[in-house]
Chemist: 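Below is one structure. I have some questions about it.
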Amino acid sequence: MRILLLSDIHANLEALDATLAGAPPFDEVVNLGDIVGYGASPNEVAERSRKLGKIFVRGNHDKAATGVMELDEFNAMAAAAAIWTRNELTPENLDWLRALPQGPISLPDFPHVQLVHGSPNDEDEYVVSLGDALAPLITLTTPLTFFGHTHLQGGFFANGSSADGFRPEYRTVGQAESVPLQLKPATRYLINPGSVGQPRDGDWRAAFALFDTDAQVVHFHRTPYNLKEAQDRIFAAKLPPRLATRLAAGR
Ligand code: ZN
C-alpha cells in the first residue's frame with residue numbers, strides 16, 4: 001500500500017493543490033493535523049482534506065480554532081489567526097474539526113505504525129532535537145511513528161547500537177524533488193513528512209511524504225506552489241502580514 005502523509009497544511013490551499021498535483025499515485029491519505037490556522041483558506045482546505053481520506057489526528061491549531069483549547073499558550077500572531085479562522089469556518093467545518101481524534105492513533109491494518117501530531121507522549125509536545133526524540137524512541141513499543149507539529153521534514157531513529165536525526169538532502173531550491181529513506185529492520189523511527197502549508201526548515205516548497213508499506217520506504221517530497229497567491233489571500237484577509245512573508249523564507 002502507498003500512503004500519502006500530509007501534515008500542517010495550515011489553510012494553505014495553493015500548497016495543498018500543488019501537493020496533490022505533484023504526489024505520486026497513492027492508495028490512502030493520512031493527515032497529521034493542523035489542517036487550519038495561519039493560512040487564509042480554512043474552509044476550502046477542511047473540505048478538501050475531508051474528501052481525501054478518513055485517517056486524521058487533530059493538531060493544536062485545529063483545537064484552538066474550534067475552542068477545544070484555550071488560546072493562552074499561543075503567541076499573539078497565532079491567536080489572531082485562530083480567532084480569524086473560528087469566525088471564518090462554516091458551522092459544518094467547525095463541527096468536523098472539533099471532532100477530530102486525539103493521537104496517537106494506529107494506522108488501520110498496520111499495527112506497527114502509529115500517528116500523532118506532536119509526540120507519542122503528548123499531542124502538543126514539539127519533537128525538534130534528538131534529545132526530545134530519545135524518550136519516546138526508547139519507550140516506544142510501536143516501531144514506526146509519523147508525527148508533525150514542528151514543520152521540520154525528517155526525523156529520528158534508534159536501534160540497539162545507535163540513535164540519530166536525519167533530514168532529506170535536496171539538490172534544488174525551486175523544483176519538485178524527492179528523497180527516499182529505506183527503513184531498516186529492528187529500528188524504531190519517528191518520521192515527520194514536513195509541513196504542506198508553512199514549512200520552517202528554510203525550504204519554502206510544500207513538504208509531504210509517501211510511505212510504501214511493501215518496500216518499507218518513506219519518500220520525502222518537496223514541490224513548488226503558487227506562493228504569491230497564498231500570500232495575497234493572507235494580505236486580503238487582513239491576517240498578520242508576517243504570516244504571508246514568512247512563507248517565502250520557509251521559516
Ligand atoms: Zn502546525
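Each ligand, and each atom within it, is numbered from 1 in the order the structure gives. Every value quoted in this text rests on a predicted model; they were computed, and no experiment measured them.
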Chemist: With 2.8 Å as the limit, jot down which protein N, O or S atoms are around the Zn ion (ligand 1).
Modeler: Asp8 OD1, His10 NE2, Asp34 OD2, His151 NE2
Chemist: Other residues, nucleotides and ligands only: do more than 12 of their heavy atoms fall within 6.0 Å of CD on Gln216?
Modeler: yes
Chemist: For Asn12, enumerate each residue passing the side chain to side chain donor-acceptor pair (under 3.5 Å) test, keeping only those at least two apart in sequence or located in another chain.
Modeler: Tyr225
Chemist: Tell me, please, which residues at least two apart from Ser129 pass side chain to side chain donor-acceptor pair (under 3.5 Å).
Modeler: Asp132
Chemist: Check for me whether the distance between the ring centres of Phe211 and His219 falls short of 6.0 Å.
Modeler: no
Chemist: Show me the pairs that pass salt bridge (charged side-chain N to carboxylate O under 4.0 Å, His left out) and involve residues 196-211, at least two apart or across chains.
Modeler: Glu177-Arg205, Asp201-Arg222, Asp203-Arg205, Asp203-Arg222
Chemist: Give a yes-or-no answer on whether the side chains of Asp124 and Asn60 include a donor-acceptor pair shorter than 3.5 Å.
Modeler: no
